**Student:** 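Have a look at the structure that comes next, please.
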Amino acid sequence: ILRWSQEALPIMLMLGLRQEAVAELPDVQQWLARLNQSLPVLPMRLETLTQTETERLIQRLLEPTTADEQRLTQFGDWLFAESGGQPLFLTETLKALADEELVRPDAVTARWQLDGERFEQARAAGNGHIAPGIQKIIKGWLVRISPSANDVLTAAAVLVQAGTFEQLFNVAEVDESEALRVLDELLSRQLLLETGGSALSSKHEPTYTFSHQKVSEVVYREAGAARRRVFHRRAFATLKAEGAGAADLVHHAIHARLLAETIYYSLIAGDEALNALAAQIAVDHYGTAFESAAQHGWPEAISGADRQALYIGLGRAYELCDIAEQARAVDVVWVG
């Protein structure tokens, strides 16, 4: 590089590095510092693509005669939903699709084409997947963080929505001093992002969420069934203590296999939905309680009055949804 500079050669050197990767490699940091002293360096941040930019990319990559404009737009929308516009994930998804021959080069023109029929089948199935390359990349990130940081990421994945500082570290069961260190670690590596919050008001507490949904999916999957169940139980206890809504508590009760709590809070969530005239949502919540009891039996913690309220509420919700047959079936079961 020094020779290039001395000879004034018109050469552009482009480097692609993740910000957190630079922080892990002292030699690279020193090399970049020396480079910045000897040559003009222009740092550029590669932002995520918008949905429109993703669609435009697809239209340029794929042969326009092999699929109509609407199908290419649908493919672009699907690809954006899968990757979130994250360039690295978008590239890996396209690689996986090429391996599956959903997109492939034409034998004559060598231009990339979309297999429209297979794409429609995949889109109709609605099964999201994580490309092998993306899984490998994310797993590589996870093995380089501390065990406490992995616990906090698992807590964030279990909470699903953005979690506060207290929620994350209560569910992960990490003490406060370690919590602060772990938070800095995850934020610096951009595995978690901080949103909201105000230094002037305690009512607007910052929350933390994943930088990308795919990271959350891999973390949740890698945690394993037993670990997920324990973390859901902690999340249930944490959110219950904070006065969270019944619907949120039901989600964690189900995954923590807390039978009595699943039935009880499903009943409450059904009542709340019915009072709001959201009959179909009420059917879903009452149905969760009804099916849980049918599969595992009625726990002693659920009183006869609760059972009666469940049957009455479910029957009423069916009536409001104009499903008379199911409503009569509930009446028969209750009378029987």
Side-chain angles (χ1 to χ4, degrees), residues 147-187 191-210 216 219-220 223-276 278 281-282 284-286 288-289 292-293 296 298-303 305-306 309-310 313:
S148 295
N150 264 299
D151 284 342
V152 171
L153 285 183
T154 301
V158 164
L159 287 168
V160 182
Q161 303 298 328
T164 65
F165 179 88
E166 286 74 15
Q167 288 172 345
L168 286 176
F169 296 104
N170 282 338
V171 174
E173 290 193 349
V174 178
D175 65 62
E176 190 174 81
S177 58
E178 176 70 356
L180 292 172
R181 186 199 66 77
V182 167
L183 184 60
D184 288 339
E185 177 183 357
L186 295 175
L187 290 175
L191 290 169
L192 287 184
L193 301 176
E194 182 178 279
T195 59
S198 170
L200 302 177
S201 175
S202 60
K203 295 181 179 179
H204 300 286
E205 187 176 0
T207 56
Y208 302 91
T209 188
F210 283 95
S216 175
V219 169
Y220 191 82
R227 196 157 174 255
R228 288 196 298 265
R229 187 160 60 249
V230 170
F231 274 62
H232 275 292
R233 177 168 49 78
R234 295 177 188 168
F236 176 87
T238 297
L239 295 177
K240 180 183 176 183
E242 293 180 355
D248 291 332
L249 294 176
V250 167
H251 169 77
H252 294 292
I254 291 172
H255 290 284
R257 297 186 183 177
L258 302 173
L259 178 59
E261 289 82 354
T262 296
I263 295 173
Y264 179 73
Y265 285 102
S266 293
L267 174 58
I268 294 176
D271 289 343
E272 292 173 349
L274 201 58
N275 291 334
I281 296 176
D284 294 339
H285 287 306
Y286 289 137
T288 297
S292 297
H296 306 288
W298 289 100
E300 295 182 0
I302 302 300
S303 67
D306 289 333
L310 171 60

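None of the values given here were measured: they were computed from a predicted structure.
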**Student:** Which atom names give the shortest non-hydrogen contact between Ala247 and Ala269, and what distance separates them?
**Tutor:**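 Shortest heavy-atom separation between Ala247 and Ala269 comes out as N-CB, 4.1 Å.
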
**Student:** Grab the two heavy atoms, one from Ala282 and one from Gly270, that are nearest each other, plus how far apart they are.
**Tutor:**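 In terms of heavy atoms, the two residues are closest at CB-O, 3.6 Å.
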
**Student:** Do Phe165 and Leu180 make a side-chain contact, defined as non-hydrogen atoms from C-beta onward lying under 4.5 Å apart?
**Tutor:**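 The answer is yes; the side chains approach within 4.5 Å.
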
**Student:** Between atom OG1 of Thr209 and atom CD of Glu194, what is the distance when rounded to the nearest 0.5 Å?
**Tutor:**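 These two atoms lie 12.0 Å from each other.
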
**Student:** Within the structure provided, determine whether Val152 and Tyr208 are in side-chain contact (heavy-atom separation under 4.5 Å).
**Tutor:**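 Not in contact.
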
**Student:** Identify whether the distance between the nearest side-chain nitrogen and carboxylate oxygen of Asp175 and Arg181 falls below 4.0 Å.
**Tutor:**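 Not counted as a salt bridge, because no side-chain N and carboxylate O are separated by less than 4.0 Å.
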
**Student:** Look at the side chain of Arg228 and the backbone N and O of Tyr220, then say whether any donor-acceptor pair between them is shorter than 3.5 Å.
**Tutor:**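 Indeed, once roles are kept as given, a pair shorter than 3.5 Å links the two residues.
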
**Student:** Run the numbers on Phe231 and Leu159 for side chain to side chain contact (heavy atoms under 4.5 Å, CB included), then give the verdict.
**Tutor:** CA-CA 9 Å; Phe231 274 62; Leu159 287 168; over 6 Å; no

**Student:** Rounded to the nearest 0.5 Å, how far apart are CD of Glu178 and CD of Glu185?
**Tutor:**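 Atom-to-atom, Glu178:CD and Glu185:CD are 8.5 Å apart.
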
**Student:** Name the residue from Leu267, Ile254, Leu249 that meets the side chain to side chain contact (heavy atoms under 4.5 Å, CB included) definition with Thr262.
**Tutor:**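 That would be Ile254.
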
**Student:** Given Lys240 and Glu261, is the side chain to side chain contact (heavy atoms under 4.5 Å, CB included) satisfied, shown in steps?
**Tutor:** CA-CA 11 Å; Lys240 180 183 176 183; Glu261 289 82 354; 5.9 Å; no

**Student:** Please, which pairs that meet side-chain hydrogen bond (donor to acceptor under 3.5 Å, both in side chains) have at least one residue in residues 263-274, sequence neighbours excluded?
**Tutor:**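 Passing the test, one end in residues 263-274: Asp271-Tyr286.
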
**Student:** Should His252 and Leu258 count as side-chain neighbours, where that means a heavy-atom distance under 4.5 Å?
**Tutor:**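 No; the side chains remain at least 4.5 Å from each other.
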
**Student:** Taking side chain as C-beta onward, heavy atoms only, is His232 less than 4.5 Å from His251?
**Tutor:**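 Answer yes - side chains close enough.
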
**Student:** List the atom of Leu186, the atom of Ala149, and the distance in Å for their closest heavy-atom pair.
**Tutor:**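 Nearest heavy atoms, Leu186 then Ala149: CD2-CB, 3.8 Å.
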
**Student:** Ring pair (Phe, Tyr, Trp, His ring centres under 6.0 Å) with Phe210: which residues, sequence neighbours excluded?
**Tutor:**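 Result, ring pair (Phe, Tyr, Trp, His ring centres under 6.0 Å) vs Phe210: none returned.
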
**Student:** On the six-membered ring of Phe236, is Arg233 placed so that its NZ or CZ lies under 6.0 angstrom from the centre and within 45° of the ring axis?
**Tutor:**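 No; the conditions do not both hold, so Arg233 does not lie above the ring face of Phe236.
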
**Student:** Counting C-beta onward and ignoring hydrogens, is there a side-chain heavy-atom pair between Glu205 and Glu166 closer than 4.5 Å?
**Tutor:**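 Yes; the side chains approach each other to less than 4.5 Å.
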
**Student:** What are the two closest heavy atoms between Ile302 and Ala260, and how far apart are they?
**Tutor:**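 Closest approach of Ile302 to Ala260: CD1-O, 3.7 Å.
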
**Student:** If you define the side chain from C-beta out and look only at heavy atoms, does anything of Phe169 sit under 4.5 Å from Glu176?
**Tutor:**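 No - every pair of side-chain heavy atoms lies 4.5 Å or more apart.
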
**Student:** How close do Leu187 and Leu192 get, counting heavy atoms only, and between which atoms?
**Tutor:**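 Taking every non-hydrogen atom into account, CD2-O, 3.3 Å.
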
**Student:** Distance check, rounded to the nearest 0.5 Å: Ile268 atom CD1 versus Ile263 atom CD1?
**Tutor:**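 That separation rounds to 12.5 Å.
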
**Student:** Taking all non-hydrogen atoms of both residues into account, name the closest pair between Ile281 and Ala273 and its distance.
**Tutor:**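 Nearest pair, atom of Ile281 first, then Ala273: CG2-CB, 3.9 Å.
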
**Student:** Would Asp306 and Ser303 count as a side-chain hydrogen bond (donor to acceptor under 3.5 Å, both in side chains) if you check the C-alpha gap in whole Å, the side-chain angles of each, and the deciding distance to 0.1 Å?
**Tutor:** CA-CA 5 Å; Asp306 289 333; Ser303 67; 3.2 Å; yes

**Student:** Counting only heavy atoms not in Arg257, do more than 12 fall under 6.0 Å of its CZ?
**Tutor:**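 No, the 6.0 Å shell around CZ holds no more than 12 heavy atoms from other groups.
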
